[in-house]
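Right, one structure below, let's go through it.
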Amino acid sequence: MTNWLLLHYKLPNKPSALRVYIWRKLKRLGAILLHDAVWVLPDLPRTAEQIQWLAADIQERGGNAFYWRANSHLQTQEESIVHQFKNQVDTIYSDLLNRLAKPKADLQEISREYQKAVFQDFFQSELGPRVREKLTSKLGEKS
């Protein structure tokens, strides 16, 4: 059973840039929007630290943030959440594989995006190693 970190927050209506800032941070972390304003991440040391910082940031900017640890007692709910995390990162990996198949792929940009995807790959997608192999091969051809 996986332990989860949940973040629920409320921000002032203005400025709207603050909402976008928080949303982007959560997306960069690989968080999944579970329901309304409840975001979920696997409970790992690095995600816990990031969520703690983000909750503090929200509060410093005049919002309310509630952060807690939880686990699901229903196997189907757990599987559904894990599936969402895998789909999220598989979409990125699939895009990278498609871009790597092109003759003049921007390998530096693809490499940067691959590193971001690895950071969000909490459940070891099967596509991750394929992207790494293809990228390594392409980089070797360039040398």
Side-chain angles (χ1 to χ4, degrees), residues 1-102 105-142:
M1 180 163 28
T2 304
N3 290 320
W4 303 100
L5 301 172
L6 301 172
L7 176 70
H8 179 269
Y9 66 92
K10 184 173 177 154
L11 297 168
N13 290 335
K14 301 277 176 156
S16 61
L18 179 56
R19 292 184 186 286
V20 174
Y21 167 78
I22 299 298
W23 179 83
R24 284 185 179 154
K25 281 211 167 221
L26 287 162
K27 294 306 278 182
R28 211 173 305 126
L29 289 172
I32 299 283
L33 181 60
L34 187 61
H35 191 272
D36 292 332
V38 178
W39 292 80
V40 63
L41 279 164
D43 186 1
L44 304 170
R46 70 178 166 93
T47 55
E49 181 179 359
Q50 293 293 321
I51 288 294
Q52 287 173 1
W53 280 106
L54 187 56
D57 195 12
I58 289 167
Q59 290 173 338
E60 287 173 9
R61 294 170 184 261
N64 294 316
F66 301 94
Y67 152 68
W68 63 98
R69 288 180 162 88
N71 55 40
S72 174
H73 291 281
L74 297 176
Q75 185 66 29
T76 55
Q77 288 177 338
E78 171 122 356
E79 290 169 357
S80 173
I81 294 170
V82 169
H83 183 73
Q84 288 179 61
F85 277 103
K86 285 184 176 182
N87 280 346
Q88 178 175 267
V89 79
D90 280 350
T91 300
I92 298 167
Y93 285 145
S94 293
D95 177 59
L96 295 175
L97 285 170
N98 289 336
R99 290 168 50 198
L100 282 165
K102 295 180 180 174
D106 183 344
L107 299 180
Q108 286 185 340
E109 183 178 331
I110 291 172
S111 181
R112 277 191 303 273
E113 290 181 30
Y114 169 71
Q115 291 303 317
K116 290 178 188 176
V118 168
F119 182 77
Q120 297 177 3
D121 191 358
F122 302 110
F123 299 98
Q124 292 73 47
S125 165
E126 294 175 13
L127 293 179
R130 287 180 43 202
V131 174
R132 184 182 60 245
E133 290 169 15
K134 198 132 184 136
L135 181 59
T136 302
S137 172
K138 286 271 193 175
L139 287 168
E141 291 171 10
K142 282 259 193 199

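Both backbone and side-chain heavy atoms feed into the values below; hydrogens, waters and symmetry mates do not. All values reported here derive from a predicted model rather than from experimental measurement.
Applying the salt bridge (charged side-chain N to carboxylate O under 4.0 Å, His left out) rule to pairs touching residues 111-127 yields R99-E113, sequence neighbours excluded. Among residues at least two apart or in separate chains, there is no side chain to side chain donor-acceptor pair (under 3.5 Å) pair with a member in residues 29-42. The salt bridge (charged side-chain N to carboxylate O under 4.0 Å, His left out) contacts involving residues 2-17 comprise nothing, where partners must be two or more places apart or lie in separate chains.
One distance of note links CG of L127 with CG of D90; it measures 4.5 Å at 0.5 Å rounding. To the nearest 0.5 Å, atoms CG (L7) and CG (L33) are separated by 10.5 Å. In this structure, CG on L97 lies 12.5 Å from NZ on K102, to the nearest 0.5 angstrom. Rounding to the nearest 0.5 angstrom, the gap separating the CG atom in L5 from the CD atom in Q52 is 8.5 Å. Atom CD1 in I110 sits 6.5 Å away from atom CG in D106 (nearest 0.5 Å).
In this structure, the side chain of K138 engages the main chain of L100 through a donor-acceptor pair within 3.5 Å. S137 contributes no side-chain N or O that, together with a main-chain N or O of E133, makes up a donor-acceptor pair within less than 3.5 Å. Using a distance-only test at 3.5 Å, with no hydrogens or angles considered, a donor-acceptor pair links the side chain of Q88 to the main chain of G30.
The two residues L135 and S111 have their closest heavy-atom pair at CD2-CA, 3.7 Å. Minimum interatomic distance between R61 and P12 (heavy atoms only, all atoms of both residues): O-CG, 4.0 Å. When all heavy atoms of A117 and Y93 are compared, the closest pair comes out as CB-CE2, 3.6 Å. Closest heavy-atom contact between W4 and S72: CD1-N, 4.3 Å. Closest non-hydrogen pair, V89 versus S125, comes out as CG1-CB, 3.9 Å.
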Mind listing the side-chain donor-acceptor pairs of residues 40-47 below 3.5 Å, one per line with the distance, residues two or more places apart or on another chain?
unit_1	atom_1	unit_2	atom_2	d
D43	OD1	R69	NE	3.4
D43	OD2	R69	NE	2.8
R46	NH1	F119	O	3.0
R46	NH2	F119	O	2.7
T47	OG1	P42	O	2.6
T47	OG1	L44	N	3.0
T47	OG1	L44	O	3.0

Validation: residues 20-29 side-chain donor-acceptor distances under 3.5 Å, sequence neighbours left out:
unit_1	atom_1	unit_2	atom_2	d
Y21	OH	D57	OD2	2.9

Please report, to 0.1 Å, the donor-acceptor pairs under 3.5 Å made by any side chain of residues 78-86, with sequence neighbours excluded.
unit_1	atom_1	unit_2	atom_2	d
E78	OE2	T2	N	2.7
E78	OE2	T2	OG1	2.8
E79	OE2	Q75	NE2	3.3
H83	NE2	N87	ND2	2.9

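For the pair H8 and N64, the minimum side-chain heavy-atom distance is 4.5 Å or more.
Other residues, nucleotides and ligands contribute at most 12 non-hydrogen atoms within 6.0 Å of the CZ atom of R130.
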